[in-house]
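Keep in mind that this is a model prediction, so the values were computed, not measured. Sequence lines set the chain letters: A, B, ... in the order given, protein chains first and strands last, and positions in each chain run from 1.
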Protein chains: 2
Amino acid sequence: MGNTLKAAGETRAGDVLARMRSDIISCALKPGTKLRFETLRELYEVSFSTLREALSRLVAEGLVVAEGQRGFLVAPVSLFDLNDLTDVRVLVERQCIKLAIDRGDDRWEADIMAAFHRMDRLQSRLGASYYLSDEWATLHSAFHLSLVAACGSPNLLEIRQKLFERAHRYRRMSSQFRPQWRAKDVEHKMIMDRVIARDTATAQDLVDRHIRETTENVIAHASHLFAQSGTADAFRRPDPVAAE
Amino acid sequence: MGNTLKAAGETRAGDVLARMRSDIISCALKPGTKLRFETLRELYEVSFSTLREALSRLVAEGLVVAEGQRGFLVAPVSLFDLNDLTDVRVLVERQCIKLAIDRGDDRWEADIMAAFHRMDRLQSRLGASYYLSDEWATLHSAFHLSLVAACGSPNLLEIRQKLFERAHRYRRMSSQFRPQWRAKDVEHKMIMDRVIARDTATAQDLVDRHIRETTENVIAHASHLFAQSGTADAFRRPDPVAAE
DNA sequence: TTACTGCGGATTTTCGAAATAATCAAACCT
DNA sequence: AGGTTTGATTATTTCGAAAATCCGCAGTAA
């Protein structure tokens with residue numbers, strides 16, 4: 001029964017998960033949208049259970065929120081969330097950088113240079129609008145990961161990756177409106193240099209600024225898209241987890 | 001069809017989730033155990049789909065790991081993971097404390113004292129073995145949460161809570177073997193005092209030590225229960241998420 | 001008019017069977 | 001004998017229908 005396509009060893013739920021994540025990040029599914037099962041079922045051509053599985057995982061990633069027994073929602077965006085997200089990312093990323101520089105070996109340095117090279121070459125090939133390409137987003141993500149891959153903390157890296165994904169959605173929202181992004185590639189090169197030179201303090205500051213300036217850019221050009229909704233309500237998580 | 005019990009407004013999956021979490025933390029489901037659906041189905045008296053939902057959420061909390069299309073596993077424990085978890089918790093908790101002290105108001109201070117009082121009174125009532133009680137664990141969790149509740153960062157608080165849960169399992173493993181825990185309550189009081197006095201640096205250091213000493217305690221008395229398994233393999237997460 | 005209650009339609013949540021994939025062991029080839 | 005393929009068995013993943021729940025609205029009473 002030839003479905004879309006079912007790559008090697010990939011579970012159906014995983015495939016839907018990836019497609020939905022992509023659609024949420026690209027805002028094909030707009031923030032705050034109610035996700036009705038019937039609609040999704042025909043959109044992604046899978047059954048209720050499979051959808052539910054994917055939705056559950058997206059809730060874990062913070063891209064979808066669950067409302068008790070009233071269904072699911074694309075996680076809303078807001079100025080408050082963006083600022084909070086940015087602060088947490090800076091905290092985590094600074095620590096990752098520090099640990100990676102302390103613990104990284106030659107192999108780690110080589111991987112960074114390789115990741116940068118791949119990203120750099122793709123930018124040249126794609127020209128001015130590289131930032132709109134999914135392929136570039138992947139290489140960009142891989143580059144930033146390579147910088148901190150040697151930090152030696154699986155837990156920190158997992159947290160970092162989830163935050164990076166969430167932030168990606170905000171970045172996409174602004175790139176949509178700002179064809180001429182400022183030259184991130186220069187910053188990337190500087191960060192790489194300072195990291196490989198094991199200059200912890202400077203590397204941390206550069207990454208800090210890299211993140212915060214991007215946020216400022218988003219706020220300047222895309223904040224009109226954000227929900228004015230209350231600072232508190234937009235962040236209710238479904239599960240009070242343990243306490244109470 | 002009178003099932004166990006179905007409290008107000010609680011979804012079945014949520015109930016199973018809570019029970020499984022409790023069983024994993026208490027090690028009724030031992031670390032590293034393969035979770036077969038048929039077994040779980042009769043143990044928790046629910047269907048495949050409902051189980052799958054609960055399992056998915058537990059994966060998000062890091063208490064269960066998924067192995068491709070080869071089923072689920074209770075997340076293994078290891079010395080490496082415990083140490084890593086501890087380091088990340090210290091990073092997060094220090095930041096939470098700092099922000100809460102910067103931003104907390106009178107109401108926040110009052111809530112801390114109330115949470116401490118409830119925990120303290122329960123300890124008196126239960127006597128020497130209070131730490132084995134689930135009720136105390138809840139109040140203990142609530143107390144630590146109250147300290148940082150005013151930090152103003154939903155994202156940081158969510159991360160903190162998940163890490164706290166994971167650490168809880170390790171704490172349980174050692175309390176099982178060490179009936180006479182050292183007097184945590186004195187530490188709790190000191191922390192509360194320094195937090196309310198807005199003495200950020202000291203409060204951070206106390207919490208830091210509070211966490212690290214507990215970890216040392218666990219290592220000293222329960223590390224023989226840990227898997228010797230490789231430092232890397234025990235932490236594979238199911239989903240490479242975005243980066244390739 | 002305003003607040004409360006009970007019905008009807010829509011949506012989510014749960015179920016267990018059917019399809020798909022992995023595991024294990026015996027037989028087969030080299 | 002060692003290693004590989006095949007086939008039977010077991011476990012997981014997916015499906016769509018059935019049950020439970022929620023939401024809006026009409027009708028009634030204060």
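- The shortest side-chain heavy-atom distance between B:Val77 and B:Leu82 does not fall under the 4.5 Å cut-off.
- Which of C:dT14, D:dT12, C:dT13 sits closest to the side chain of A:Phe37 comes down to C:dT13.
- Taking only side-chain atoms of A:Arg52, from C-beta outward, the nucleotide of C:dT13, D:dT13, D:dG16 with the closest atom is C:dT13.
- Side-chain nitrogen and oxygen atoms of B:Lys34 include none within less than 4.0 Å of the OP1 or OP2 phosphate oxygen of C:dA22.
- With hydrogens and angles ignored, the 3.5 Å screen pairs no side-chain donor or acceptor of A:Ser22 with any backbone N or O of A:Ala18.
- By the 4.0 Å N-to-carboxylate-O rule, A:Arg166 lies too far from A:Glu61 to be salt-bridged with it.
- When the side-chain nitrogen and oxygen atoms of A:Arg36 are compared with OP1 and OP2 of C:dT12, none of them lie within a distance under 4.0 Å.
- A sub-4.0 Å separation between OP1 or OP2 of D:dT14 and a side-chain N or O of A:Thr11 is present.
- Straight-line distance from the CG atom of A:Asp15 to the C1' atom of D:dT13: 14 Å, rounded to whole Å.
- Rounded to an integer number of Å, the gap from A:Phe72 CZ to D:dC22 C1' is 15 Å.
- Atom CD of B:Glu53 and atom P of C:dT14 are 7 Å apart (whole Å).
- Whole-Å rounding puts the A:Leu40 CG to C:dT11 P distance at 12 Å.
- For A:Arg12, no side-chain nitrogen or oxygen approaches OP1 or OP2 of D:dT13 to under 4.0 Å.
- Among residues at least two apart or in separate chains, salt bridge (charged side-chain N to carboxylate O under 4.0 Å, His left out) pairs with a member in residues 132-144 of chain B are B:Asp134-B:Arg172.
- Separating the CD atom of B:Glu45 from the P atom of C:dC15 is a distance of 10 Å, rounded to the nearest angstrom.
- In this structure, CG of A:Leu17 is placed 11 Å from P of D:dT14, rounded to the nearest angstrom.
- Atoms CG (B:Leu73) and P (D:dA11) sit 15 Å apart, rounded to a whole Å.
- Counting only heavy atoms from C-beta on, A:Phe48 has its side chain closest to C:dT14 among D:dA11, C:dT14, C:dG16.
- The CG atom of B:Leu55 sits 12 Å away from the C1' atom of D:dT13 (whole-angstrom rounding).
- Counting any heavy atom pair closer than 4.0 Å across all strands shown, B:Leu51 reaches no nucleic acid atom.
- In this structure B:Phe48 satisfies the side-chain contact (heavy atoms from CB on, under 4.5 Å) test together with B:Phe37, B:Glu38, B:Arg41, sequence neighbours excluded.
- For A:Gln69, a side-chain nitrogen or oxygen approaches OP1 or OP2 of D:dC22 to under 4.0 Å.
- For the pair B:Thr50 and C:dT13, the criterion of a side-chain N or O lying under 4.0 Å from OP1 or OP2 is not met.
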